[in-house]
*Asks:* 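I'd like to ask some things about the structure below.
Each chain gets a letter, A, B and so on, in the order the sequences are listed, and its residues count up from 1.
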2 protein chains.
Amino acid sequence: MPSDAEPAPVSAKTPVTLREVAATAGVSVATASKALNGQGRMTAETRERIRETARLLGFRPNSLAQSLLRKRSFTVGLLTNDTYGRFSLPLMAGVSDALVDKGVSVFLCNVEDDQRLGQLHVEAMLDKRVDGIVATGKRIDRHLPVDLSDLRIPVVYAFTQPDPGAVGLVSDDAGGARLAVEHFLRLGRRRIAHVSGPASFAVVHTRAEAYRDVLKENGLAVNEPLLGAWSEGWGHEAVAKLFGSAGREGWPDAVFCGNDQIARGVIDALRERGISVPDDVGVIGFDNWEIVAEATRPPLTSVDMNLSTLGREAGLALLSLVDGQPAAPGIRKLPCRLVVRQSCGSPPE
Amino acid sequence: MPSDAEPAPVSAKTPVTLREVAATAGVSVATASKALNGQGRMTAETRERIRETARLLGFRPNSLAQSLLRKRSFTVGLLTNDTYGRFSLPLMAGVSDALVDKGVSVFLCNVEDDQRLGQLHVEAMLDKRVDGIVATGKRIDRHLPVDLSDLRIPVVYAFTQPDPGAVGLVSDDAGGARLAVEHFLRLGRRRIAHVSGPASFAVVHTRAEAYRDVLKENGLAVNEPLLGAWSEGWGHEAVAKLFGSAGREGWPDAVFCGNDQIARGVIDALRERGISVPDDVGVIGFDNWEIVAEATRPPLTSVDMNLSTLGREAGLALLSLVDGQPAAPGIRKLPCRLVVRQSCGSPPE
DNA sequence: GCGGTAAGAGAAAACCTTTTCCCAGCTAAG
DNA sequence: CTTAGCTGGGAAAAGGTTTTCTCTTACCGC
């Protein structure tokens, strides 16, 4: 059979089964299976011949059959209530990236804040025998609208409130805030204000606390943080409060903002008042939302929560749990990083 | 056995099989299967007894086994190269929403622009026997870095360039642009400018064409569209070009922008020049990116591409393809809608 | 030449469900 | 009483793979 090197029919109309490979190679399915998996004992030639046959036929094992037998589906579920938000995006991508290399696929499950939807998705995942679940959300201090506490499969929580005794990963918000305030200090700024979001968010207090701590540690006066909304509008208002009164000498020379939108509002408001950023006042944001941070004038220095890494770590943690490695329960905090742009000025040489 | 109504052990440590249900109910697995699926013939009591047993035991059929037999996995893949972007988000959510009700789960596959990653994901999906694939991207005029043209499963393209002869869904950009320009006309504006993104994008030309058409149809002068970047910065520059020269009488009284970021730049730049929006100039954006549109001062009227609906339609189209309904190949355009805020003023009573 | 051993390969069970076919028992008609 | 027809339910195959067990053959040392 002088066949010219025919390419593997990678997209044959009907999938080729192990049975066919075995028949073509003239062996039993058992032998074929072992040859392809590197199991069992056989002559090197036999093994190679079978492998070659499989390659030629474009054989790909049916995952469903494998999963059924191995009790391992190489599939995990990703539960989120923030499908439209920007936090879960890098997180989801991180999870997916970490897992695709190991042959694990990810089910995307958007539950909004709907109990029924959550139940529906969890049941669908369980039926499909996912190996584990990553639960993620838009707020560190809120639960997803589903109960994952008593499942027979491992669950990892990322950027959402974990059940007690579970494995959780969150960003180190306190550390992130520290990064920002200490950056200001290194640049010689001393009158540092903090403008943040609503008091109902846990991160607002975590960051505010860290802000106070750093100032105290350095013997500086602590201004009570201004809490409001996560919006540009609040940034404008906050500037009015901070820079409205009295003489220049009472004004802050730095504003640490709870997110990038507030920071944007602050920068715009300062410009409208003729106050220069970064010459008169330095500004740092939080989230490092590039599309905002790069559009402010000047571009905004901001704290990045490394959500993509967080997702990646969550994926890996889940995987090792699935493999039976016992993971230390509790919340693990992953460091943030400061992305320096031009809203703080340069350090004195 | 006076058992108190014990709740179904919904999360038993090991899944209950049909075999166990059958044994408990004292029938064969065949009968049990038929009872639960409403197939076969048996006394109503038998059927009910089996169902009750299954409920009590918390039986849930193993999807893997079902899929293997039925050759239908109730699983589809969602391929995207825009995991970080905001276009695919609502789209993905739409797809997922449309399918979860039918018991279909969605694999999230982020391929970036990486051929290898694309190949990897497609093979993983094929191995897992997905019933079909939705391909989506960040640009209507670009291909994903994978070849889906010769798969044995149906593929639907949404918001990305489809292969010839395939089913594709995109937003009606021309219609969207029309919506914007005609809105201006209804408000009595006559000197309408168009500021858009880079010429390398197909949508830029589609929208510009529609812009010209509407003006011509109404016997108005057509200003050549200003093409630049998708950024706020370009919005500022464009304002300098449009409003820098000559006397007020040459200025536009409306600017239709290619996206919301440009629109934001335009609005900010106009304010800095003391030109009032909407009194002197109306502004309309494109994309209806709420976080931007609601932060402009005044809030931005914008064209929404209904991406969520697009995703939903794509999901449903794929499903009917999977069910063997032949779908008309070619590109289907879904209408946009205009979301009116305050950047254009009110219509004359 | 014989017992022992190891290599090479296959048969069959297992995973869990669905579906087709068949059987036993009963009723009613002839 | 025989036969046809129906009813309720079970046996078994199918789906594709992995794995354990078993079998055959050949080789080695004595």
Side-chain angles (χ1 to χ4, degrees), chain A residues 12 14-51 53-54 57-75 103 124 126-131 152-153, chain B residues 12 14-51 53-54 57-75 103 123-124 126-131 152:
Chain A
T14 171
V16 34
T17 70
L18 184 60
R19 208 217 257 352
E20 302 177 60
V21 174
T24 310
V27 295
S28 72
V29 287
T31 307
S33 170
K34 283 181 285 197
L36 297 176
N37 293 320
Q39 307 286 328
R41 288 174 318 207
M42 67 196 68
T43 48
E45 301 141 70
T46 310
R47 195 179 293 277
E48 201 38 57
R49 178 165 47 90
I50 297 174
R51 289 206 163 138
T53 310
L57 261 44
F59 168 74
R60 311 231 59 198
N62 184 330
S63 264
L64 269 51
Q66 289 183 318
S67 303
L68 189 56
L69 204 51
R70 292 187 179 156
K71 304 190 164 313
R72 187 71 202 281
S73 66
F74 288 89
T75 278
L126 254 28
D127 288 352
K128 285 174 177 131
R129 295 304 191 266
V130 294
D131 296 330
R152 59 171 183 274
I153 52 172
Chain B
T14 170
V16 169
T17 70
L18 183 61
R19 207 218 257 353
E20 302 176 61
V21 174
T24 308
V27 296
S28 71
V29 288
T31 307
S33 171
K34 284 181 284 198
L36 297 175
N37 294 319
Q39 306 288 328
R41 289 173 318 206
M42 67 196 69
T43 49
E45 300 142 71
T46 309
R47 194 181 292 276
E48 201 37 58
R49 177 165 48 89
I50 297 174
R51 289 206 164 141
T53 310
L57 261 42
F59 169 74
R60 311 230 58 197
N62 184 330
S63 263
L64 270 54
Q66 290 182 318
S67 303
L68 190 56
L69 205 52
R70 292 185 179 159
K71 303 192 164 311
R72 188 67 204 279
S73 66
F74 288 90
T75 278
E123 283 177 0
L126 254 28
D127 288 351
K128 285 173 177 133
R129 296 302 191 266
V130 294
D131 296 331
R152 58 172 181 273

*Asks:* Please name the pair of heavy atoms, one in V21(B) and one in T53(B), separated by the smallest distance, quoted to 0.1 Å.
*Replies:*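 Shortest heavy-atom contact: O-CG2, 3.9 Å.
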*Asks:* First and last nucleotide of DNA chain D touching chain A, 5' to 3', heavy-atom cut-off 4.0 Å?
*Replies:*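 For DNA chain D, the relevant span reads dG16(D) to dT20(D).
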*Asks:* Please check this pair: side chain of R60(B) against backbone of V16(B), looking for a donor-acceptor N/O pair closer than 3.5 Å.
*Replies:*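 Looks like no, no N/O pair under 3.5 Å.
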*Asks:* Mind checking what makes salt bridge (Lys or Arg N to Asp or Glu O under 4.0 Å) contact with R70(B), not counting sequence neighbours?
*Replies:*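 With sequence neighbours excluded, R70(B) shows a salt bridge (Lys or Arg N to Asp or Glu O under 4.0 Å) to no residue whatsoever.
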*Asks:* Can you tell if the side chain of V27(B) reaches within under 4.5 Å of the side chain of M42(B), non-hydrogen atoms only?
*Replies:*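 Side-chain contact under 4.5 Å: no.
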*Asks:* So what is the end-to-end bend of the helix from dG1(C)-dC30(D) to dG30(C)-dC1(D), with 5 pairs used at each end and the value given to 10 degrees?
*Replies:*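 Answer for the end axes of this duplex: 70°.
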*Asks:* In this structure, which one of V29(A), N37(A), T31(A) forms a side chain to side chain contact (heavy atoms under 4.5 Å, CB included) with S33(A)?
*Replies:*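 The residue from V29(A), N37(A), T31(A) that satisfies side chain to side chain contact (heavy atoms under 4.5 Å, CB included) with S33(A) turns out to be N37(A).
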*Asks:* Can you list the residues that meet the side chain to side chain donor-acceptor pair (under 3.5 Å) rule with S73(A), with sequence neighbours excluded?
*Replies:*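 S73(A) satisfies side chain to side chain donor-acceptor pair (under 3.5 Å) with D131(A) only.
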*Asks:* For nucleotides 13-19 of chain C, read 5' to 3', which letter fits each nucleotide if B means a protein heavy atom sits under 4.0 Å from the base, S means only the sugar-phosphate is that close, and - means neither?
*Replies:* -BBBBBB
*Asks:* So which heavy atom on F59(B) is nearest to which on L18(B), and how close?
*Replies:*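 For F59(B) and L18(B), the tightest heavy-atom pair comes out as CE1-N, 3.2 Å.
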*Asks:* Give T46(A) one of three labels, base, sugar-phosphate or nothing, depending on what nucleic acid heavy atoms sit under 4.0 Å from its own.
*Replies:*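 Sugar-phosphate, backbone atoms only, no base.
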*Asks:* Go through the structure and list residues passing side chain to side chain contact (heavy atoms under 4.5 Å, CB included) with E48(A), not counting sequence neighbours.
*Replies:*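 E48(A) satisfies side chain to side chain contact (heavy atoms under 4.5 Å, CB included) with R51(A) only.
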*Asks:* Identify the two heavy atoms, one from L126(B) and one from R152(B), that lie closest to each other, and give their separation to 0.1 Å.
*Replies:*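 Here L126(B) and R152(B) meet closest at O-NH2, 3.9 Å.
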*Asks:* Nearest whole angstrom, please: distance from the C1' of dG8(C) to the CD of E45(A).
*Replies:*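 Between C1' of dG8(C) and CD of E45(A): 12 Å.
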*Asks:* Looking at every non-hydrogen atom in both residues, tell me the closest pair between Q66(A) and P61(A) and how far apart they are.
*Replies:*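 Nearest pair, atom of Q66(A) first, then P61(A): NE2-CB, 3.5 Å.
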